[in-house]
Amino acid sequence: MSFTPARKAQLCAVLGALALALVPGARPAAIPQLLTLGPVTVLNGTAIVAGTVGGAGAGTQLTVNGHPLSLDAAGNFAGVVSLESAGALDFAIGNSSGQLVDFHVPLALAGPGGIIPGGVVDAVEQAGATLLEPAGGFVGGEPLTVAGSVADKGQLAALAVNGTDVLRLLGPDQSFSVQVPGTTKELTLTATDKSGVSQTTHYKVLDASSGLATPLGTSVAASSAIGLKIAKITYSAMSVVRTKRVRMIVTVKDSRGLLVRGAKITIRSRAAGRLTRRSLTTASGKLGRGIFVLHVKPRTLGRRLVMVTVARTPTAKAAKTTSVRLAKARRS
């Protein structure tokens with residue numbers, strides 16, 4: 001795309017004015033906004049945009065009609081986007097966790113001078129449509145009952161989950177529930193305001209073969225884990241003087257925070273002669289835990305037992321050293 005010197009000067013002037021006019025957080029709102037949009041100028045097949053992505057972090061990305069725009073440290077952006085005969089502006093915001101939110105702004109909203117007023121996405125955001133996501137995420141395999149709610153249904157003309165109208169299902173508390181097939185790979189919640197602006201939030205659905213819902217969160221098979229870390233190691237040595245046994249629990253997760261089942265976990269005493277068996281191996285269960293019973297030798301009582309833990313999946317490895325002080329034997 002090329003511009004004449006006069007056209008470039010005009011665009012720079014508009015961008016400068018928009019950047020100065022847009023002050024992050026200047027628009028008071030009951031619900032924190034993900035996208036704060038300034039006035040948009042639609043001119044000769046291009047759109048001049050500026051705004052702020054709320055809560056933007058290192059992994060946040062923004063594209064407008066497929067064109068990436070850079071974000072500064074405060075989440076501000078400004079740029080010129082080629083429309084290429086498009087009938088709308090589509091703002092796609094993604095983050096490092098993989099969640100994606102789209103905003104669809106029809107170009108028909110442009111008034112005199114090709115200006116779409118600032119704050120055009122405010123109404124759909126303030127509607128506050130959201131799905132209630134389980135702690136371990138959505139897991140397929142069986143029909144899913146999806147629950148959600150809105151903060152202000154008066155802002156909306158339509159509300160849909162994977163294309164199914166749920167606006168009519170809203171109860172007095174502005175909540176809803178709807179069932180979707182267990183084969184669903186992604187859930188989308190689309191809220192549309194009365195001017196035709198829409199916000200679509202995408203939620204991943206884990207495959208039942210790799211994602212398993214548990215009371216402690218979703219666990220994935222070791223072969224499906226992304227990365228690996230030893231999240232927690234606990235000891236139970238309350239009765240060690242009497243039983244000469246210590247219970248040790250190792251919890252493993254992947255880089256997404258999902259519990260990992262089927263990981264190979266090996267533990268060993270760093271010093272010889274502390275245990276009757278210096279090393280033990282087991283596989284983590286569906287709760288991401290490897291449970292061990294350590295048989296300590298009498299001379300270990302009153303000392304610190306130092307254990308080295310190594311966990312493995314087919315693609316990753318993690319290690320951690322921990323210790324526990326054992327009670328002294330009682331004198332007779």
Side-chain angles (χ1 to χ4, degrees), residues 96-98 133-139 141-142 204 206-332:
S96 55
S97 68
E133 188 170 10
F138 296 104
V139 180
E142 296 182 1
K204 290 182 179 180
L206 296 171
D207 192 313
S209 62
S210 60
L212 177 66
T214 78
L216 300 182
T218 298
S219 72
V220 294
S223 58
S224 300
I226 300 176
L228 185 67
K229 61 183 178 181
I230 298 173
K232 186 178 181 181
I233 296 178
T234 59
Y235 295 90
S236 177
M238 295 293 292
S239 304
V240 66
V241 174
R242 178 174 57 85
T243 64
K244 307 299 186 293
R245 294 179 182 180
V246 176
R247 194 164 183 257
M248 180 179 177
I249 301 176
V250 180
T251 303
V252 290
K253 295 183 177 182
D254 74 356
S255 60
R256 299 167 294 181
L258 300 177
L259 300 165
V260 179
R261 64 181 186 274
K264 180 182 178 182
I265 302 175
T266 300
I267 62 170
R268 65 176 178 85
S269 170
R270 194 167 67 178
R274 295 285 195 265
L275 305 176
T276 57
R277 292 182 61 186
R278 188 176 181 183
S279 66
L280 296 167
T281 300
T282 192
S284 57
K286 68 178 182 180
L287 297 179
R289 292 173 171 176
I291 301 175
F292 301 87
V293 177
L294 313 180
H295 295 262
V296 303
K297 294 184 177 181
R299 63 173 175 268
T300 308
L301 297 177
R303 298 185 179 185
R304 182 168 292 279
L305 178 63
V306 181
M307 300 297 297
V308 178
T309 303
V310 179
R312 292 182 174 87
T313 67
T315 59
K317 174 184 175 181
K320 193 170 188 177
T321 299
T322 56
S323 66
V324 59
R325 172 74 71 177
L326 303 182
K328 293 181 180 180
R330 298 185 183 91
R331 293 182 179 180
S332 58

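Quick caveat, the model's predicted, so the values are computed rather than measured. Counting from 1, the numbers follow the sequence of the chain as shown.
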Peer 1: What do the steps show when you test Lys320 against Ile233 for side-chain contact (heavy atoms from CB on, under 4.5 Å), and what is the final call?
Peer 2: CA-CA 9 Å; Lys320 193 170 188 177; Ile233 296 178; 4.3 Å; yes
Peer 1: Evaluate Leu301 against Lys244 for side-chain contact (heavy atoms from CB on, under 4.5 Å), listing each step before the verdict.
Peer 2: CA-CA 8 Å; Leu301 297 177; Lys244 307 299 186 293; 3.8 Å; yes
Peer 1: Output the distance between atom CD1 (Ile249) and atom NZ (Lys232), rounded to the nearest 0.5 Å.
Peer 2: 8.5 Å
Peer 1: Give the intermediate values and the outcome of side-chain contact (heavy atoms from CB on, under 4.5 Å) for residues His295 and Arg277.
Peer 2: CA-CA 7 Å; His295 295 262; Arg277 292 182 61 186; over 6 Å; no
Peer 1: Run the side-chain contact (heavy atoms from CB on, under 4.5 Å) test on Leu275 and Thr300 for me, step by step, so that the C-alpha distance in whole Å, both residues' side-chain angles and the decisive distance to 0.1 Å come before the verdict.
Peer 2: CA-CA 8 Å; Leu275 305 176; Thr300 308; 5.9 Å; no
Peer 1: For the CG atom of Leu294 and the CG atom of Leu305, what is their distance to the nearest 0.5 Å?
Peer 2: 6.5 Å
Peer 1: Kindly give the heavy-atom pair with the smallest separation between Gly273 and Arg299, and that separation in Å.
Peer 2: O-NH2, 3.4 Å
Peer 1: Does the side chain of Val306 reach to within under 4.5 Å of the side chain of Thr321, using non-hydrogen atoms?
Peer 2: yes
Peer 1: Assess, by modelled atom type and distance only, whether the side chains of Tyr235 and Thr322 contain a donor and an acceptor separated by less than 3.5 Å.
Peer 2: yes
Peer 1: If you compare all heavy atoms of Ala222 against all heavy atoms of Pro314, which two are closest, and at what distance to 0.1 Å?
Peer 2: O-CD, 3.7 Å
Peer 1: Verify, without hydrogens or angle tests, whether Thr313 (side chain) and Ala316 (backbone) share a donor-acceptor contact under 3.5 angstrom.
Peer 2: yes
Peer 1: To the nearest 0.5 Å, how far apart are NZ in Lys297 and CZ in Arg274?
Peer 2: 10.5 Å
Peer 1: Could you grab the distance from atom CZ of Arg289 to atom CD1 of Ile265, nearest 0.5 Å is fine?
Peer 2: 11.5 Å
Peer 1: Write down the atom of Ala237, the atom of Leu326, and the distance for their closest heavy-atom approach.
Peer 2: CB-CD2, 4.2 Å
Peer 1: Closest heavy-atom contact between Arg304 and Ser323?
Peer 2: NH1-OG, 3.0 Å
Peer 1: So, does Thr309 use its side chain to make a donor-acceptor pair with the main chain of Ala319 at under 3.5 Å?
Peer 2: no
Peer 1: Tell me, do Ser255 and Leu228 make a side-chain contact under 4.5 Å, heavy atoms counted?
Peer 2: no
Peer 1: Kindly write out the residues that satisfy side-chain contact (heavy atoms from CB on, under 4.5 Å) with Ala231, not counting sequence neighbours, or none if the list is empty.
Peer 2: Lys253
Peer 1: Do the side chains of Leu259 and Val252 get nearer than 4.5 Å, heavy atoms only?
Peer 2: no
Peer 1: For Gly288 and Ser284, which heavy atoms make the closest approach, and how far apart are they?
Peer 2: C-CB, 3.8 Å
Peer 1: For Thr281, which residues count as a side-chain contact (heavy atoms from CB on, under 4.5 Å) partner, sequence neighbours excluded?
Peer 2: Lys264, Thr266
Peer 1: Does the side chain of Phe138 reach to within under 4.5 Å of the side chain of Glu133, using non-hydrogen atoms?
Peer 2: yes
Peer 1: How long is the straight-line distance from CZ of Arg247 back to CZ of Arg245, given to the nearest 0.5 Å?
Peer 2: 12.5 Å
Peer 1: Enter the distance from Ile267:CD1 to Phe292:CZ here, rounded to the nearest 0.5 Å.
Peer 2: 4.5 Å
Peer 1: With Arg256, which residues qualify under side-chain contact (heavy atoms from CB on, under 4.5 Å), at least two apart?
Peer 2: Val220, Ile226, Asp254, Leu258
Peer 1: Okay, side chain of Thr214, backbone of Gly217: is any donor-acceptor separation there less than 3.5 Å?
Peer 2: yes
Peer 1: So, Ser219 and Arg261: side-chain donor and acceptor under 3.5 Å apart, yes or no?
Peer 2: yes
